[in-house]
Amino acid sequence: MKIAISGSKGLIGSSLYDYLAVKLNAEIIAIPRAMLYGKTEDLAEFLDGTDAIIHLSGSPVVSVWTKKRMNILRNSRIVTTKNLYKAVSVMPQKPGLFISTSAVGIYDSTNIHSEDNYFYADDFLGKLCQDWEYESNKMSQLNVRTVIFRFGVVLSNKGGVLNKMIPSFRLGLGAILGNGKQIFPFVHINDLMEAFLHIFINKTSKGVYNLVAPDIKTNSDFAKTLGKCLKRPVLFHVPAILLKIFLKQGATVLLKGQKVIPKRLMNEGFVFKHDTLIKSIKFYFP
């Protein structure tokens, strides 16, 4: 099996690169970033002979959302997905599987969301995810089995939010963001990788999947759980106004949360080994 991965140097991409190579005895090739913005013919030639494409490209969302930055966030997702579609459309032998990504930020912060019972957010991130998924779903028109994973916060000690927060929490400087009541949808990196493997193995799996643990917790729960695992107190709050000053609209990623249920994965028999927040964090601090 030959699998092409975009965004292969990121936390998720680098983890999947090694994991799928072993689990599926697969040849993994990394799609160069420049090629995602280049000529359709060159990208199609590069992808020739691939059995699956995993599209993880996307500039980090937690950042200062200036107009320029928001354009980068869109282009790194929308333009690259469009170009992959164009490339696959001209390939004589198309891959059998396309896995793209999205985020639970597509949902509003009020309701409880499953894949078939949901309300979309009417903000920049919500609209970005909707447009991103629209472009990803075009791949199914080419008779390519298409899957879209809506990620929660990925927990790993090798990168991402958890890795960045550990040093300050070790020093006793851990803090709750805003009032801490915003929901903190999360998924352990090991469960994430097994969910990808699940899609490869189950040939009938297609469509949208919420990739979050079934445990609904808040930002306050996360901070206090991390503090408990590190045996450090959590004494501080970062006021919402400060986050808005420094991150502008980007603060919404930290101050809003979504109540999300991974209904479709569980209905297909997928079992989260790190199904609770305490299990997910304690895994790194036994």
Side-chain angles (χ1 to χ4, degrees), residues 7-23 56 60-63 101 103-105 149-198 210-240 242-243 247 251 253-262 265-266 270-286:
S8 62
K9 293 183 179 180
L11 170 63
I12 298 170
S14 59
S15 299
L16 285 172
Y17 196 104
D18 297 328
Y19 179 81
L20 294 178
V22 173
K23 289 292 185 178
L56 301 170
V61 172
V62 180
S63 55
T101 50
V104 295
F149 277 128
R150 291 173 178 164
F151 291 152
V153 178
V154 180
L155 299 182
S156 169
N157 67 344
K158 295 181 180 179
V161 170
L162 180 62
N163 185 62
K164 291 178 180 178
M165 295 182 74
I166 287 173
S168 61
F169 273 70
R170 284 193 189 279
L171 293 172
L173 300 176
I176 294 167
L177 303 181
N179 62 20
K181 295 180 180 180
Q182 65 273 34
I183 302 300
F184 184 80
F186 67 93
V187 61
H188 192 280
I189 186 68
N190 290 353
D191 281 335
L192 180 147
M193 290 189 290
E194 292 201 9
F196 273 79
L197 182 62
H198 171 87
N210 292 330
L211 189 39
V212 295
D215 191 22
I216 296 178
K217 296 295 185 182
T218 64
N219 173 266
S220 178
D221 294 327
F222 169 68
K224 291 176 180 178
T225 301
L226 180 54
K228 181 179 180 181
C229 289
L230 290 171
K231 298 180 174 59
R232 295 291 188 275
V234 178
L235 305 174
F236 307 105
H237 279 257
V238 178
L242 282 182
L243 293 172
L247 297 177
V253 179
L254 302 177
L255 295 174
K256 286 186 177 181
Q258 299 79 23
K259 298 176 184 176
V260 183
I261 300 171
L265 277 172
M266 292 191 296
F270 182 81
V271 177
F272 286 85
K273 294 180 180 177
H274 308 275
D275 58 336
T276 65
L277 184 61
I278 185 64
K279 282 184 185 178
S280 298
I281 296 179
K282 202 168 184 179
F283 175 82
Y284 296 111
F285 310 101

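Among all heavy-atom pairs drawn from Ser156 and Leu11, the shortest one is OG-CD1, 3.7 Å. When every heavy atom of Ser280 is checked against every heavy atom of Leu155, the shortest pair comes out as CB-CD1, 3.9 Å. Taking all atoms of both residues into account, the shortest heavy-atom contact from Leu56 to Gly13 is CD1-CA, 3.4 Å. Contact between Val238 and Ala175 at its shortest, heavy atoms only, is CG2-CB, 3.8 Å. Here the closest non-hydrogen pair linking His198 and Leu265 is CD2-CD2, 4.0 Å. Here the shortest heavy-atom pairing between Pro167 and Asn163 reads CD-O, 3.3 Å.
Residues satisfying the salt bridge (charged side-chain N to carboxylate O under 4.0 Å, His left out) criterion with Lys273, sequence neighbours excluded, are Glu194. Lys279 pairs by the salt bridge (charged side-chain N to carboxylate O under 4.0 Å, His left out) definition with Asp275, not counting sequence neighbours.
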* Apply side-chain contact (heavy atoms from CB on, under 4.5 Å) to the pair Val234 and Lys228, showing each step before the final yes or no. => CA-CA 9 Å; Val234 178; Lys228 181 179 180 181; over 6 Å; no

* To do: Carefully, step by step, assess Phe149 and Val187 under the rule side-chain contact (heavy atoms from CB on, under 4.5 Å).
  => CA-CA 12 Å; Phe149 277 128; Val187 61; over 6 Å; no

* To do: Apply side-chain contact (heavy atoms from CB on, under 4.5 Å) to Leu197 and Met193, showing your working.
  => CA-CA 6 Å; Leu197 182 62; Met193 290 189 290; over 6 Å; no

* Going through the distances and angles, do Ile183 and Gln258 end up as a side-chain contact (heavy atoms from CB on, under 4.5 Å)? -> CA-CA 6 Å; Ile183 302 300; Gln258 299 79 23; 5.9 Å; no

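Among residue pairs with one or both ends in residues 213-239, those qualifying as ring-ring contact (aromatic ring centres under 6.0 Å, His included) are Phe184-Phe222; sequence neighbours excluded.
In this structure, Met165 CE and Ile281 CD1 are separated by 9.0 Å, a value rounded to the nearest 0.5 Å. With values rounded to the nearest 0.5 angstrom, Phe169 atom CZ is found 8.0 Å from Leu230 atom CG.
Within the 3.5 Å criterion, the main-chain N or O of Val61 finds a donor-acceptor partner in the side chain of Ser63. A donor-acceptor pair under 3.5 Å is formed between the side chain of Asn179 and the backbone N or O of Lys181. No donor-acceptor pair closer than 3.5 Å links the side chain of Asn219 to the backbone N or O of Gln182.
His188 and Tyr284 have their aromatic ring centers within a separation under 6.0 angstrom.
Classified by interplanar angle (parallel below 30°, tilted 30° to 60°, perpendicular above 60°), the ring pair Phe272/Phe270 is perpendicular.
Within the 4.5 Å cutoff, no side-chain heavy atoms of Arg232 are placed close to those of Leu171. Side-chain contact between Ser15 and Lys158: absent, with no pair of heavy atoms (C-beta onward) separated by less than 4.5 Å.
Only one option out of Leu162, Asp191, Val161, Leu192 pairs with Val154 in a side-chain contact (heavy atoms from CB on, under 4.5 Å); it is Leu192. Of the residues listed (Ile189, Asn190, Asp215), the one engaging His274 in a side-chain contact (heavy atoms from CB on, under 4.5 Å) is Asn190, and it is the only one.
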